[in-house]
Asks: 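Got a structure here, written out as structure tokens. Questions coming.
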2 protein chains.
Amino acid sequence: METRYKKSRQREKMLELLRATESHPSADWIYERLKKDFKNLSMGTVYRNLGILIDQGFVRKIDFGSTFDRFDANVTRHYHFVCEKCGAISDVEMPFDDALNRKAGRVGNFEVRSHRIEFFGVCRKCGK
Amino acid sequence: METRYKKSRQREKMLELLRATESHPSADWIYERLKKDFKNLSMGTVYRNLGILIDQGFVRKIDFGSTFDRFDANVTRHYHFVCEKCGAISDVEMPFDDALNRKAGRVGNFEVRSHRIEFFGVCRKCGK
DNA sequence: AGCTATAATGATAATCATTCCGAGTATTGA
DNA sequence: TCAATACTCGGAATGATTATCATTATAGCT
Ligand SMILES: [Mn+2]
Ligand SMILES: [Mn+2]
Ligand SMILES: [Zn+2]
Ligand SMILES: [Zn+2]
């Protein structure tokens, strides 16, 4: 019952775009860029392929800090910083704390498998 | 130019509901409960008052782990656990790490003002 | 208690991101 | 070359949230 993916030029270009940026772009950003290569591109194609790339483990979805989702081709475990003024998201070069899951699990009625940390504040550009 | 709020029975009851639960409810949950007391209640009223309660510092918005927002009348700084199976959100009884903001700020081009941690896994109930 | 100013309400329309659908197209493997 | 089926575009549908507006409730006066 498992789905076998066929390759698509749209999806290949999408991954290429995502890997070339640090900006954690939105679906709309990707759509606008990709439209330069595929003038009849559809939004549905962008979302469908984002879903596939996530399923393949090449991309992660970022669903905080905004009203719309953003996407990240850096699939190593890392934390994020969100600028409260301009909305920019950047990676935080800080060691990932593996021990944290155990610490949280010890105090609660649940089995912790992963965690996420988001820092909020003002980026260099907005801080002037 | 500042807005002065008048009290409303709907908003008072909403805060009461939110303070009486640990479940981090959605706007819809609040709407259904509140409708028992106000049979002509409108969804707009729920959202408007949630906004006001947030503005007043009595409520926090939780915008991760789901397609819809959830709300928390526990405004002390604390971390959350999200069950990946049933979507339940619970507080994590773990000391808040004040030093973390500084640690993150040291490595990046930004001024960190706050942070958030979400743990993901399986809750006791879903874990069987 | 009346009067005035204005915040809050409920009904409904609008918005926005995302998902779904269906008829035609591209990719794959034999 | 051919059949199977994943992928495409375009548009419609969905779902959460926000905006609008005529009416109502609240608060501070006199
Ligand atoms: Mn990242
Ligand atoms: Mn909480
Ligand atoms: Zn900024
Ligand atoms: Zn659960």
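Protein chains get the first letters and strands the later ones, always in sequence-line order, with residue 1 at the start of each.
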Asks: As an exercise, state the distance from OG of Ser26(B) to CD of Glu32(B), rounded to the nearest 0.5 Å.
Replies: 9.0 Å
Asks: With sugar-phosphate meaning primed atoms plus P, OP1 and OP2, does Tyr47(B) contact a base, only sugar-phosphate, or nothing at under 4.0 Å between heavy atoms?
Replies: base
Asks: So, does Thr67(A) get its side chain near the phosphate of dT17(D), meaning an N or O under 4.0 Å from OP1 or OP2?
Replies: no
Asks: Ignoring the backbone of Thr45(B), work out which of dT18(C), dC7(D), dG10(C) is nearest its side chain.
Replies: dG10(C)
Asks: Under the side-chain contact (heavy atoms from CB on, under 4.5 Å) rule, what do Phe81(B) and Asn109(A) come out as? Steps first, then yes or no, please.
Replies: CA-CA 10 Å; Phe81(B) 170 81; Asn109(A) 272 330; over 6 Å; no
Asks: 5'-most contact on DNA chain D: Lys7(A) or Met43(B), nearest heavy atom basis?
Replies: Lys7(A)
Asks: Looking at the base of dA11(C), is there any donor atom on it, or on the side chain of Ser42(B), that sits under 3.5 Å from an acceptor on the other one?
Replies: yes
Asks: Whole Å only: how far is the OH atom of Tyr5(B) from the P atom of dT9(C)?
Replies: 12 Å
Asks: Calculate the interatomic distance between Leu50(B) atom CG and dT9(C) atom P; express it in whole Å.
Replies: 11 Å
Asks: Take atom CG of Asn40(A) and atom P of dT25(C), then tell me their distance rounded to the nearest Å.
Replies: 12 Å
Asks: If you group Ile, Leu, Val, Met, Phe, Trp and Tyr by side-chain heavy-atom gaps below 4.5 Å, do Ile117(A) and Tyr79(B) land in one group?
Replies: yes
Asks: With a 3.5 Å cut-off and just heavy-atom distances, do the side chain of Lys6(B) and the base of dT6(C) make a donor-acceptor pair?
Replies: yes
Asks: Look at Ser8(A) and dT8(D) and indicate whether a side-chain polar atom (N or O) is within less than 4.0 Å of OP1 or OP2.
Replies: yes
Asks: Take atom CG of Asp37(B) and atom C1' of dT9(C), then tell me their distance rounded to the nearest Å.
Replies: 16 Å
Asks: Please report, rounded to the nearest Å, how far the P atom of dT14(D) is from the CZ atom of Phe68(B).
Replies: 19 Å
Asks: With nearest nucleotides of DNA chain D determined for Arg11(A) and Lys61(B) from heavy-atom distances, which residue corresponds to the more 5′ nucleotide?
Replies: Arg11(A)
Asks: Please pick, from dT18(C), dT17(D), dT28(C), the nucleotide with the shortest atom-to-atom distance to any side-chain atom of Ala27(B).
Replies: dT17(D)
Asks: To the nearest Å, give me how far apart CD (Gln10(B)) and P (dT9(C)) are.
Replies: 5 Å
Asks: Any donor-acceptor pair under 3.5 Å linking the side-chain atoms of Asp91(A) with those of His24(A)?
Replies: yes
Asks: When all nucleic acid strands are considered with a 4.0 Å heavy-atom cut-off, which category describes Arg48(A): base, sugar-phosphate, or nothing?
Replies: base
Asks: To the nearest Å, how far apart are Phe38(B) CZ and dT24(D) C1'?
Replies: 14 Å
Asks: Given atom CD1 of Ile52(B) and atom P of dA19(D), what is their separation to the nearest angstrom?
Replies: 13 Å
Asks: Roughly how far, to the nearest 0.5 Å, is CD1 of Ile52(A) from CG of Asn49(A)?
Replies: 5.0 Å
Asks: Of the candidate nucleotides dG10(C), dT17(D), dG29(C), which contains the atom at the shortest distance from the side chain of Arg4(A)?
Replies: dG29(C)
Asks: Would you indicate what Asp28(A) reaches in the nucleic acid, counting non-hydrogen atoms under 4.0 angstrom: base, sugar-phosphate, or nothing?
Replies: nothing
